[in-house]
Amino acid sequence: DALARDGIRFTNHYAGSTVCAPSRCCLLTGRHTGHASIRGNKGGALDAREVTVANLLQNAGYATAAIGKWGVGESPGPGDPQRYGFESFFGYLDMWHAHNYYPDYLWHDGARVPLKGNIVRPVGSGGVAIKRTQYSHDLFTDSALAFLEEQRNRPFFLYLALTIPHANNEAGDEGMEVPDDAPYQDRDWPQAHKNRAAMITRLDRTVGAIVDKLAELGLSNDTLVLFTSDNGPHEEGGADAVFFESSGGLRGRKRDLYEGGIRVPLVASWPGRIPAGRVSDHLSAGWDILPTLTELACLETPGDVDGVSFLPTLLGQAERQRQHLFLYWEFGEQRPLQAMRLGKWKFVREIGGRGELYDLRTDPAETRDVAAHNLPVVQSIEFILQTIHDRPTRRPRPTTIPMRGRDDDRFDDDDDDDDDD
């Protein structure tokens, strides 16, 4: 809430997918799931030749770090984040390991680091701790704060992929793992709900600690902070999306392509650059992060991305803002689904089945299918869907990244003549 008061809150922002691995792939590569190399949590891996936003920023001189959950596809190998542009990495490599908040080891720059005091019983593809001492989220917070301190004199890109409030699926209804349920211990709620609330409060404190550290280091006015999520709310580990109205009145949740599964928060704060207290209905998605950051860093955006920079919206330059013609998702782990956002229209279908059409301007909860009354719209969308999907392809990794001149004046103001990195 404080970030939103200090900056801008987007009301029409979408995750790259409805589960984590493809959503992270979209964010890192700038391509939607019709073109991305990862399109589900199973059966895919980040293409070895992918160029990520971290590659681009690292080549431009930024210090780059990934902290938390890598989780990009199945079984990433040690050192995987470093191959995609991150100078340093601390956290979980694969998504199943990341379920456990009390792991007996984490990865640091390709090395397996034991965590003393945590003893884990393997369960399925993950594990459940039978002795709990070190909570991974707190370690990630400490690592992020240390990174900011260490890189205070360099331009930096920190990808802080926190796992809270994901469940430890292997722990069943006790999967909302947190050291304690404060400050909700006295609430008349099921224990899983107390734990989930406590997890989110812990996340909130981490966001506050990051903002406070930037202020302490004198970096607040030089740093863009983005806060978002990789999918809608889940119902795992005893959690109940209805109890806290976690979908905000939208239909669906994680693993759905209805709004509740993919429309997520996006808050951006940049004191002195982003006017405070703004709300924007600009249509954006996770694959817009890459072009936004490359434009911010005065880099050329790769030509094969699907994203559109929303930097003009951040800076209050509406006349410069390009718009998406449409947003597209596909997801096939339970059944093959497609969805498209075209202006006010939202189209959802099981591939091979009849499509559903919703007018989000009048029906954001997607309760009234109006496809039968808007056949020209349906036909237009179905025509686009015939061409939007392709097979994952290998793209050559560029050896150099072209940069625009550093005399770009979009970020200058009357009070500060220094270069802004």
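Start at 1 with the first residue, then count along the sequence.
- Between the Thr301 side chain and the Leu290 main chain, no donor and acceptor come within less than 3.5 Å of each other.
- Taking 4.5 Å as the limit, some side-chain heavy atom of Leu160 sits within range of a side-chain heavy atom of Ile210.
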**Item:** Verdict with reasoning, Arg154 to Glu87, per salt bridge (Lys or Arg N to Asp or Glu O under 4.0 Å)
**Value:** CA-CA 13 Å; Arg154 283 185 67 186; Glu87 293 175 10; 3.5 Å; yes
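- For Tyr102 and Arg132, the side-chain atoms include no donor-acceptor pair closer than 3.5 Å.
- In terms of heavy-atom proximity, Leu385 sits nearest to Met340 at CD2-CE, 3.6 Å.
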**Message:** Run Gln338 and Tyr328 through side chain to side chain donor-acceptor pair (under 3.5 Å) and show every step you take.
**Reply:** CA-CA 8 Å; Gln338 288 178 305; Tyr328 173 76; 2.9 Å; yes
**Request:** Carefully, step by step, assess Glu333 and Lys42 under the rule salt bridge (Lys or Arg N to Asp or Glu O under 4.0 Å).
**Result:** CA-CA 8 Å; Glu333 288 186 354; Lys42 300 177 182 178; 5.8 Å; no
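- Using a 4.5 Å heavy-atom cutoff, the side chains of Leu56 and Leu293 are not in contact.
- No side-chain heavy atom of Leu28 sits less than 4.5 Å from a side-chain heavy atom of Glu50.
- Here the OG1-CG distance, from Thr133 to Leu115, works out to 9.5 Å after rounding to the nearest 0.5 Å.
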**Request:** List the steps, then state whether side-chain contact (heavy atoms from CB on, under 4.5 Å) holds for Phe326 with Ile381.
**Result:** CA-CA 9 Å; Phe326 57 82; Ile381 291 175; over 6 Å; no
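- With respect to Arg255 and Glu236, a salt bridge is recorded, a charged nitrogen being found less than 4.0 Å from a carboxylate O.
- To the nearest 0.5 Å, the span separating NE2 on His282 from NE2 on His324 amounts to 6.0 Å.
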**From CA spacing to verdict: side-chain contact (heavy atoms from CB on, under 4.5 Å), Asp240, Glu235** = CA-CA 5 Å; Asp240 180 355; Glu235 291 195 326; 3.4 Å; yes
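- Residues Glu259 and Tyr14 have side chains in contact (heavy-atom distance under 4.5 Å, counting atoms from C-beta outward).
- Remark: side-chain polar atoms of His32 are not paired, donor with acceptor, to backbone N or O of Gly286 under 3.5 angstrom.
- Considering all non-hydrogen atoms of both residues, Gly260 and Pro233 come closest at O-CD, 3.5 Å.
- Around atom CD of Gln323, more than 12 heavy atoms belonging to other residues, nucleotides or ligands sit under 6.0 Å away.
- Side-chain atoms of Lys194 and Gln185, non-hydrogen and from C-beta on, never get closer than 4.5 Å to each other.
- Counting only N and O atoms by type, the side chains of Asn55 and Thr52 include a donor and acceptor under 3.5 Å apart.
- Of the possible polar contacts, one joining the Arg263 side chain to the Thr11 backbone as a donor-acceptor pair under 3.5 Å is found.
- Between Leu283 and Asp288, the shortest heavy-atom distance links the atoms O-OD2, 4.4 Å.
- Rounding to the nearest 0.5 Å gives a distance of 7.0 Å between OG1 of Thr206 and CG of Asp138.
- Looking at Ser229, its side chain does come within 3.5 Å of a backbone N or O of Asn231 through a donor-acceptor pair.
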**Request:** Give the intermediate values and the outcome of side-chain contact (heavy atoms from CB on, under 4.5 Å) for residues Met95 and Val19.
**Result:** CA-CA 11 Å; Met95 65 194 77; Val19 293; over 6 Å; no
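- Taking the side chain as every heavy atom from C-beta outward, Val178 and Met176 never approach each other to under 4.5 Å.
- Closest approach of Cys26 and Thr33 over heavy atoms only: SG-CG2, 3.8 Å.
- Of the possible donor and acceptor atoms, one in the side chain of Asn168 sits under 3.5 Å from a partner among the backbone N and O of Gly127.
- A donor and an acceptor atom, one from each side chain of Asn100 and Glu170, are nowhere located under 3.5 Å apart.
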**Asked** Are His97 and Tyr105 close enough, and set up right, to give a ring pair (Phe, Tyr, Trp, His ring centres under 6.0 Å), and what steps lead you there?
**Response** CA-CA 9 Å; His97 185 210; Tyr105 70 91; 4.3 Å; yes
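- The aromatic ring centres of Phe89 and Tyr84 sit 6.0 Å or more apart.
- A centroid separation of 6.0 Å or more is found between the aromatic rings of Tyr184 and His193.
- For Phe244 and Trp189, the ring centers sit closer than 6.0 Å to each other.
- Thr313 places a side-chain heavy atom less than 4.5 Å from the side chain of Phe10.
- Under the 3.5 Å distance criterion, with hydrogens and angles disregarded, no donor-acceptor pair is assigned to the side chains of Gln151 and Tyr62.
- Within the 3.5 Å criterion, the main-chain N or O of Ser220 finds no donor-acceptor partner in the side chain of Thr223.
- For the residue pair Arg349 and Arg354, the shortest heavy atom distance occurs at CB-O, 4.1 Å.
- Note: Phe147 and Phe90 fail the aromatic proximity criterion, with ring centroids not under 6.0 Å apart.
- Rounding to the nearest 0.5 Å gives a distance of 7.0 Å between CZ of Arg202 and NE2 of His137.
- Atom CD1 of Ile130 has more than 12 neighbouring heavy atoms from other residues, nucleotides or ligands inside a 6.0 Å radius.
- To the nearest 0.5 angstrom, Leu3 atom CG is 9.5 Å from Arg5 atom CZ.
- The heavy-atom pair separating Gly73 from Ile38 by the smallest distance is N-CD1, 3.6 Å.
- For the pair Thr292 and Leu314, the minimum side-chain heavy-atom distance is below 4.5 Å.
- The existence of a salt bridge linking Arg83 and Asp80 is confirmed by a sub-4.0 Å separation between a basic side-chain nitrogen and an acidic carboxylate oxygen.
- Between the side chains of Arg251 and Tyr358, at least one donor N or O sits under 3.5 Å from an acceptor N or O.
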**Message:** With side-chain contact (heavy atoms from CB on, under 4.5 Å) as the criterion, how do Trp287 and His35 come out once you've worked through the C-alpha distance, each side chain's angles and the decisive distance to 0.1 Å?
**Reply:** CA-CA 11 Å; Trp287 51 91; His35 298 145; over 6 Å; no
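- Remark: side-chain polar atoms of Trp107 are not paired, donor with acceptor, to backbone N or O of Val113 under 3.5 angstrom.
- The distance from the CH2 atom of Trp329 to the CZ atom of Phe347 is 13.5 Å, given to the nearest 0.5 Å.
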